[in-house]
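Note sheet for the following structure.
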2 protein chains.
Amino acid sequence: MNPVTQQKPADQAIAADAPAMRADARRNREKVLKAGRKCLADDGFDAQMEDIARRAKVGVGTVYRHFPTKDALVDALAAERFKGLTEKAREALDNPDPWVGFAEFMHYSASVQANDRALSEIMGARPETMREAADGSGLFEPVSKLIAKAQKAGSLRRDVVPEDVPLLMCGLARAPRGGSKGPESNWERYLGIVLDGLRAPAITKLPPPRA
Amino acid sequence: MNPVTQQKPADQAIAADAPAMRADARRNREKVLKAGRKCLADDGFDAQMEDIARRAKVGVGTVYRHFPTKDALVDALAAERFKGLTEKAREALDNPDPWVGFAEFMHYSASVQANDRALSEIMGARPETMREAADGSGLFEPVSKLIAKAQKAGSLRRDVVPEDVPLLMCGLARAPRGGSKGPESNWERYLGIVLDGLRAPAITKLPPPRA
DNA sequence: ACATAATCGGAACCTGAGTTCCGATTCCGG
DNA sequence: CCGGAATCGGAACTCAGGTTCCGATTATGT
């Protein structure tokens with residue numbers, strides 16, 4: 001209504017680098033991030049802002065000063081995790097054995113999700129957020145190379161395409177919490193099965209990927 | 001406070017068979033069930049009671065008369081689905097080729113989940129409900145036999161145990177909604193990979209299953 | 001057709017959780 | 001050491017969505 005009403009910058013986190021952010025502010029920002037990591041990892045998206053604030057020993061208001069929205073906080077932390085994935089994918093590219101590199105990446109990816117419920121929820125139920133975070137961290141490129149390399153070496157089945165990766169990671173995302181409740185689950189068994197399914201030569205013929 | 005306060009029968013659906021339920025009541029019950037199926041399939045657990053009521057052309061009160069709680073309704077419908085799975089597993093046992101029978105069961109399981117968001121959410125995020133529904137429908141037994149048979153025939157890897165099935169189904173649950181949003185996703189590709197991973201002989205050694 | 005009781009419908013209520021607001025507090029340059 | 005500005009904290013607000021309530025409606029036995 002008011003002509004000067006300004007939109008909230010659509011969910012972005014408040015700049016962390018700010019030319020001159022007061023020292024206590026930066027300190028609190030870190031505390032919020034750390035608390036957020038822990039709470040979101042434990043309770044997933046259900047984690048409550050108040051819990052995060054309490055754990056950070058800070059008022060809710062402070063949390064909101066740094067992250068205008070719960071989603072903003074979640075996104076920020078998701079971005080962190082994806083950066084980690086991307087880094088790992090790059091490292092894996094250096095592995096002399098392309099298959100081992102690929103497998104290591106998958107293992108890392110699964111284990112991260114097993115320890116971070118929020119991440120696994122994003123992977124499994126929020127394609128939007130996931131796409132953004134993945135793009136933002138440039139995950140696609142190293143993963144594509146990883147796949148191409150392993151296929152050229154003849155160890156990865158020929159019919160998987162880079163676009164399958166989100167799908168695979170989603171499956172992995174779900175598995176961790178499958179049967180039992182403990183954070184320690186049987187995800188490594190599941191991963192083992194999927195990896196064997198990804199080896200060359202393929203037996204089951206896959207339908208063509210849908211855009 | 002009042003000494004005669006009576007507890008709500010802990011989430012059970014109201015008996016459907018009732019000795020003498022009024023005809024319109026039974027009719028409405030059906031309408032609610034049908035609407036519930038559709039809404040839950042589309043929106044998962046987020047489906048709203050009012051939407052269900054509206055779709056059933058009925059008031060919310062009526063929904064609550066038949067199902068004292070949203071969970072009760074969800075449970076009731078989950079039970080239906082699990083009954084279907086169990087039936088399919090029994091049929092699969094009759095297949096002359098144990099591997100084909102097993103694969104068919106997995107395919108059915110995945111496709112049901114691809115078309116029912118609520119079911120896939122239960123599989124992926126509510127071990128409790130899932131366990132109950134599975135036990136209630138006796139799913140475990142035919143599945144165990146299916147596995148044993150396929151292993152004896154030498155087509156299914158030796159190191160999978162019946163307890164892995166929930167895990168596998170969870171992964172399948174997640175995959176459907178992986179990358180894209182459309183109800184039609186690439187789940188069949190994912191299933192193909194997992195099936196190949198389940199074939200004998202195993203390559204990757206799986207860690208022992210955790211209770 | 002009538003009485004009675006079960007059933008219906010949907011407005012109103014309640015709770016939980018994200019978000020806003022503003023007086024109190026803390027930082028930092030002069 | 002001071003003053004102003006940025007930051008903090010947490011009470012209060014808002015809103016969505018599950019659940020309850022009760023007068024109106026409708027089915028069923030006689």
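Atom set for the values below is all heavy atoms of this structure, side chains included, hydrogens, waters and symmetry mates excluded. Chain letters run A, B, ... following the sequence lines, proteins first and then strands; every chain starts at 1. These numbers come from a predicted model, not from an experiment.
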When you measure from the side-chain N and O atoms of [X] to the phosphate of [N], is any distance below 4.0 Å, counting only OP1 and OP2?
| X | N | answer |
| --- | --- | --- |
| A/Thr69 | C/dT19 | yes |
| B/Thr62 | C/dT7 | no |
| A/His66 | D/dC8 | yes |

Query raised in the report: Tell me, which pairs form a side chain to side chain donor-acceptor pair (under 3.5 Å) where one or both residues lie in residues 32-42 of chain A, sequence neighbours left out?
Result: A/Arg37-A/Glu80, A/Lys38-A/Asp42
Let me know the distance between [atom1] of [X] and [atom2] of [N], rounded to the nearest Å.
| X | N | atom1 | atom2 | answer |
| --- | --- | --- | --- | --- |
| B/Asp46 | D/dG17 | CG | P | 9 Å |
| A/Phe67 | D/dC8 | CZ | P | 12 Å |
| B/Arg54 | D/dG17 | CZ | P | 11 Å |
| A/Leu73 | C/dA17 | CG | P | 17 Å |
| A/Phe45 | C/dA17 | CZ | P | 13 Å |
| A/Met49 | C/dT19 | CE | P | 6 Å |
| A/Asp51 | D/dG10 | CG | C1' | 15 Å |
| B/Asn28 | D/dA27 | CG | C1' | 12 Å |

Requested in this report: Could you check which of D/dG18, C/dG9, D/dT20 has an atom nearest any side-chain atom of B/Val60?
Outcome: D/dT20
Requested in this report: Could I get the full list of salt bridge (Lys or Arg N to Asp or Glu O under 4.0 Å) partners for A/Glu87, not counting sequence neighbours?
Outcome: none
**Report entry** Residues that A/Arg22 engages under salt bridge (Lys or Arg N to Asp or Glu O under 4.0 Å), provided they are two or more places apart
**Finding:** A/Asp24
Requested in this report: Specify the residues of residues 31-40 of chain A, ordered by number, for which at least one heavy atom lies under 4.0 angstrom from an atom of DNA chain C.
Outcome: none
Query raised in the report: Under the side chain to side chain donor-acceptor pair (under 3.5 Å) test, which residues partner B/Asn95, sequence neighbours left out?
Result: none
Query - salt bridge (Lys or Arg N to Asp or Glu O under 4.0 Å) contacts touching residues 103-114 of chain A (sequence neighbours left out) - result: none
Just list the side-chain donor-acceptor pairs under 3.5 Å for residues 44-54 of chain B, sequence neighbours left out, or say none.
{"residue": "B/Asp51", "atom": "OD1", "partner": "B/Arg54", "partner atom": "NH1", "Å": "3.1"}

Query raised in the report: Taking the six-membered ring for Trp, is the centroid-to-centroid distance between B/Trp187 and B/Tyr190 below 6.0 Å?
Result: no
Query - Close side-chain approach of B/Val74 to B/Glu121, heavy-atom, < 4.5 Å - result: no
Query raised in the report: Does A/Val160 have any side chain to side chain contact (heavy atoms under 4.5 Å, CB included) partners at least two apart in sequence or in another chain, and if so, which?
Result: A/Ile147, A/Gln151, A/Leu156, A/Arg157, A/Asp164, A/Leu198, B/Ile193
Report summary line: Readout for nucleotides 21-30 of chain C: B = base within 4.0 Å of protein heavy atom, S = sugar-phosphate only, - = neither; 5' to 3' it is -----BSS--
